[in-house]
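Structure, as C-alpha cells:
Letters A, B, ... are given to chains in the order of the sequence lines, protein chains preceding strands, and every chain is numbered from 1.
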Number of protein chains: 2
Amino acid sequence: MESRCENCIVRQFNSLRAMSKEELKQVSDSKTTKVLKKGESIFGEGDKLNGVYCVRSGVSKLSKLSANGKDQIVKLASKGEVIGQRSVIAEESTNLSAIAVSDMEVCFIPKESITHTLQKNPDFTLEVLRHMAHDLKEADDVIVNISQKTVKQRIAEAFLYLKKNFGEDKDGFLALTLSREDISNVVGTATESAIRIISEFKKKGLIHTSGKKIGIKDEKKLLEMVEGF
Amino acid sequence: MESRCENCIVRQFNSLRAMSKEELKQVSDSKTTKVLKKGESIFGEGDKLNGVYCVRSGVSKLSKLSANGKDQIVKLASKGEVIGQRSVIAEESTNLSAIAVSDMEVCFIPKESITHTLQKNPDFTLEVLRHMAHDLKEADDVIVNISQKTVKQRIAEAFLYLKKNFGEDKDGFLALTLSREDISNVVGTATESAIRIISEFKKKGLIHTSGKKIGIKDEKKLLEMVEGF
DNA sequence: AGGATGTACTGATAAATATCATATTTTTAG
DNA sequence: CTAAAAATATGATATTTATCAGTACATCCT
C-alpha cells in the first residue's frame with residue numbers, strides 16, 4: 001500500500017507542513033508516487049506542469065540549456081524539496097528541466113491541491129513564500145560567485161557544497177557522485193577545464209578520487225581557496 | 001500634504017494592489033516618503049530592515065560586494081517595485097545593498113503592516129509570491145547568461161534590456177544613464193573590458209554615445225549578437 | 001569475453017578577459 | 001572659471017579559460 005503524506009518524514013522539510021489535516025488528506029489522496037532511475041527526466045524545459053514534484057529520496061539537477069548547447073545547472077534538489085513550484089505558482093511553462101542525478105523517488109501532487117491551498121491558507125502560502133525567498137537569495141549568491149570567482153574557486157566551493165549538503169560515504173567520498181560534465185555544468189565551465197582542475201587538486205593533495213568518485217582531503221585549504229587565500 | 005497610497009499610481013504594478021481598503025489605509029498612515037539623490041544609499045548589505053521600500057520614481061541598483069572588492073549588480077529596481085521584501089519575509093539581514101542610480105522617491109513601509117497582511121490576506125501573500133517567483137526566474141536567466149555568454153553578448157543584452165525597461169529620451173539615448181563601472185557591474189566584467197567593448201560597438205555603428213550617455217543605433221544587429229549570430 | 005561506446009584525462013594552442021600603465025576627457029568643488 | 005578629482009579611454013601585456021586533437025579507461029551490451 002502507498003504511504004500517506006500525513007506520515008511522510010520529508011514533509012517537515014518543506015511547505016507542506018503548514019497544511020491543515022484536511023488539505024493534507026486531499027493531497028495524499030490525489031498524489032502519485034514515481035520511481036526514477038539515474039538519468040531519467042522528471043520534466044523538460046518549457047513543459048507545462050500539471051503539478052509539483054516532492055522529492056522523497058535521491059537528487060535532481062535543475063538546469064537550463066543555453067544557446068551554445070551547454071547546460072547550466074541552477075540547483076540541485078534533494079529530500080524534502082518541492083520541484084516545479086515556481087512554474088505552477090507563476091502559471092508559466094517551466095524555465096528549467098529536471099533530471100535525476102541519482103535514483104529517485106518523487107511524489108507528484110496535482111496543481112489543484114496546491115493552488116487551492118494557496119488561495120485559502122495564508123500560513124501555507126507564507127511558508128511557500130519563505131522557501132522561495134530563500135531560493136532567491138541562493139540564486140543571488142550564485143550570480144555573484146559565477147561572475148566574481150575563478151573556476152578554481154568555484155570548483156572548490158562546489159565540492160564543499162556537495163559535502164555539506166549530501167555528506168560522505170564510509171570511505172570518505174562525496175555521497176552524491178556527479179559526472180565531470182555535471183560538475184562543469186554546476187560551475188559553468190568547459191568540461192575539460194573542470195577535469196584539469198580536478199587533476200590539479202588531486203596532485204596538490206586537496207582531494208582524492210576513485211573513478212568518478214571524489215573525496216575531500218584538505219577541507220581547510222579548499223576553504224581558503226574559495227575565500228581567495 | 002503627503003499623498004495617499006490609495007491614490008498612488010505605482011501601486012498597480014506591485015503586490016499592494018491586492019490589499020484591502022483597511023490594510024492599505026494602515027500602510028498609508030504608517031508610511032514615510034523619502035527623497036534620494038543619485039548615489040545615495042537606501043540600505044547596505046547586512047542591514048536589518050524594519051520595513052520595505054516602494055519605489056515611486058527613479059531607479060535603484062541592488063548589488064552585492066564580492067571578496068575581490070567588486071560589486072555585482074543583481075537587479076535594477078524601478079517604479080512600482082518593492083525593495084527589501086525578500087529580507088523582511090525571510091526575517092534575515094539583507095544580502096544586497098540598494099543604492100540610487102538616479103534621483104529617487106521611495107516610500108518606506110514599516111514591516112508590521114506587511115507581515116500582518118501576509119498572515120491575514122492570502123490574496124496579498126499570493127501576489128507577493130507571484131512577484132518573487134518572477135524574480136527567481138529572472139535570477140535563473142541571469143545565471144545562465146553570465147556563465148554561458150561572452151562579455152560582448154552580455155553588454156549587448158544589457159543595452160537592449162535598458163532600452164526595453166527604461167526607454168529612451170528625445171535624443172535617442174537610453175533614459176537610464178549608468179556609469180561605465182555600473183555597466184560592468186551589471187555584466188560582471190572588468191570596467192576596462194566593458195569600456196573597450198562599448199568603444200568597439202560605437203566604431204561598428206551599433207550604438208552612439210555622448211559622454212556617459214549611450215544610444216542604440218542598430219537594435220537588430222545587437223539582438224543577433226546576443227543570440228550568437 | 002570482447003568489441004563498442006561513452007566518459008575521463010592530457011597536451012597544444014587559441015581566444016577571451018583581466019590587469020597594469022597612462023593619456024585624455026568630463027565632472028566637481030572652490 | 002579654473003584647478004583638482006574622477007571617470008573614460010586606449011595600449012601593452014599577463015592570465016584565465018575554451019577549444020581542438022588525441023589517448024586511456026571504464027562500462028555497457030549481447
Side-chain angles (χ1 to χ4, degrees), chain A residues 37-40 66-72 99 101 145-156 158 173-174 177-204 207-215 225 228-229, chain B residues 37-40 66-72 99 101-103 145-158 173-174 177-204 207-215 225-226 228-229:
Chain A
K37 280 217 280 288
K38 180 172 165 173
E40 289 183 335
S66 71
N68 64 30
K70 274 188 191 159
D71 244 13
Q72 174 67 37
I99 295 174
V101 290
N145 276 341
I146 288 196
S147 76
Q148 306 289 9
K149 288 187 176 155
T150 65
V151 173
K152 219 176 277 188
Q153 289 176 307
R154 272 139 58 202
I155 291 184
F173 293 109
L174 293 171
T177 303
L178 295 176
S179 70
R180 302 298 195 250
E181 191 181 359
D182 279 341
I183 292 173
S184 74
N185 288 344
V186 166
V187 162
T189 194
T191 306
E192 297 95 319
S193 300
I195 289 175
R196 228 179 284 276
I197 287 167
I198 290 170
S199 301
E200 189 191 321
F201 282 5
K202 198 174 158 183
K203 242 175 243 160
K204 286 189 183 161
I207 60 172
H208 56 116
T209 70
S210 164
K212 299 180 181 271
K213 282 191 282 186
I214 291 174
M225 180 176 286
F229 321 118
Chain B
K37 281 217 278 291
K38 180 172 166 173
E40 288 183 335
S66 70
N68 64 32
K70 275 188 190 158
D71 243 12
Q72 174 66 37
I99 294 174
V101 289
S102 66
D103 293 347
N145 276 341
I146 287 197
S147 76
Q148 307 288 7
K149 288 187 177 157
T150 65
V151 172
K152 219 177 275 189
Q153 288 177 306
R154 272 139 56 200
I155 290 184
E157 190 163 43
F173 291 109
L174 294 171
T177 302
L178 294 176
S179 70
R180 303 295 194 251
E181 191 180 359
D182 278 342
I183 292 173
S184 74
N185 289 344
V186 166
V187 161
T189 193
T191 307
E192 298 96 319
S193 300
I195 290 174
R196 227 178 284 276
I197 287 168
I198 290 169
S199 302
E200 189 192 321
F201 282 5
K202 197 174 159 184
K203 242 175 241 160
K204 285 188 181 162
I207 61 173
H208 55 116
T209 70
S210 164
K212 297 178 180 273
K213 281 191 282 186
I214 291 174
M225 179 176 286
V226 173
F229 321 118

Set out, line by line, the N/O atom pairs under 3.5 Å between protein and nucleotides 5-7 of chain C.
unit_1 : atom_1 : unit_2   : atom_2 : d
C/dT7  : O3'    : A/Lys212 : NZ     : 3.4

Are any protein N/O atoms closer than 3.5 Å to N/O atoms in nucleotides 20-25 of chain C? If there are, list each pair with its distance.
unit_1 : atom_1 : unit_2   : atom_2 : d
C/dC20 : N4     : B/Glu192 : OE2    : 3.4

Close N or O pairs between protein and nucleotides 14-17 of chain C (under 3.5 Å):
unit_1 : atom_1 : unit_2   : atom_2 : d
C/dT17 : OP1    : B/Val151 : N      : 3.1

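For the pair B/Asp182 CG and D/dT8 P, the interatomic distance rounds to 9 Å; values are reported in whole Å. Computed from coordinates, the A/Asn68 CG to D/dC20 P distance equals 12 Å when rounded to whole Å. Between the CD1 atom of A/Ile195 and the P atom of D/dA18 there is a distance of 13 Å, rounded to whole Å. D/dA9 atom P lies 12 Å from atom CD1 of B/Ile155, rounded to whole Å. The CZ atom of B/Phe201 sits 17 Å away from the C1' atom of D/dT8 (whole-angstrom rounding). In this structure, A/Ile214 places its CD1 atom 13 Å from C1' of C/dC9, rounding to the nearest Å. D/dA7 atom P lies 18 Å from atom NZ of B/Lys213, rounded to whole Å. D/dA7 atom P lies 14 Å from atom CG of B/Leu178, rounded to whole Å.
Contact annotation: the side chain of B/Ile197 never approaches that of B/Val187 to less than 4.5 Å [non-hydrogen atoms, C-beta and beyond]. A heavy-atom distance below 4.5 Å is found between the side chains of A/Gln72 and A/Ile146. Side chains of B/Lys149 and B/Val226 form a contact here, defined as non-hydrogen atoms less than 4.5 Å apart.
The closest donor-acceptor contact from the side chain of B/Arg180 to the backbone of B/Thr191 lies at 3.5 Å or more, if one exists at all. The closest donor-acceptor contact from the side chain of B/Gln148 to the backbone of A/Gly188 lies at 3.5 Å or more, if one exists at all.
Within 4.0 Å of A/Lys70, counting heavy atoms only, lie sugar-phosphate atoms of the nucleic acid but no base atom.
Residue B/Gly215 comes nearest to B/Phe173 through the heavy atom pair N-CD2, 3.5 Å, listed as atom of the first residue, atom of the second, then distance. Taking each heavy atom of A/Lys202 and A/Thr209 in turn, the nearest pair found is NZ-OG1, 2.9 Å. Nearest approach of B/Gly39 to B/Ile99, heavy atoms of both residues: O-CG2, 3.6 Å. Taking both residues in full, the closest heavy atoms of B/Thr189 and B/Ala194 are given as CG2-CB, 4.1 Å, listed atom of the first, atom of the second, then distance. The minimum heavy-atom distance between A/Lys212 and A/Ser179, with the atom names listed, is NZ-CB, 4.0 Å. Of all heavy-atom pairs between B/Ile207 and B/Ile198, the closest is CD1-O, 3.7 Å.
Between A/Ser147 and A/Ser199, the one whose closest nucleotide on DNA chain C sits nearer the 5' end is A/Ser199.
Under 4.0 angstrom from either OP1 or OP2 of D/dA7 there lies no side-chain N or O belonging to B/Thr191.
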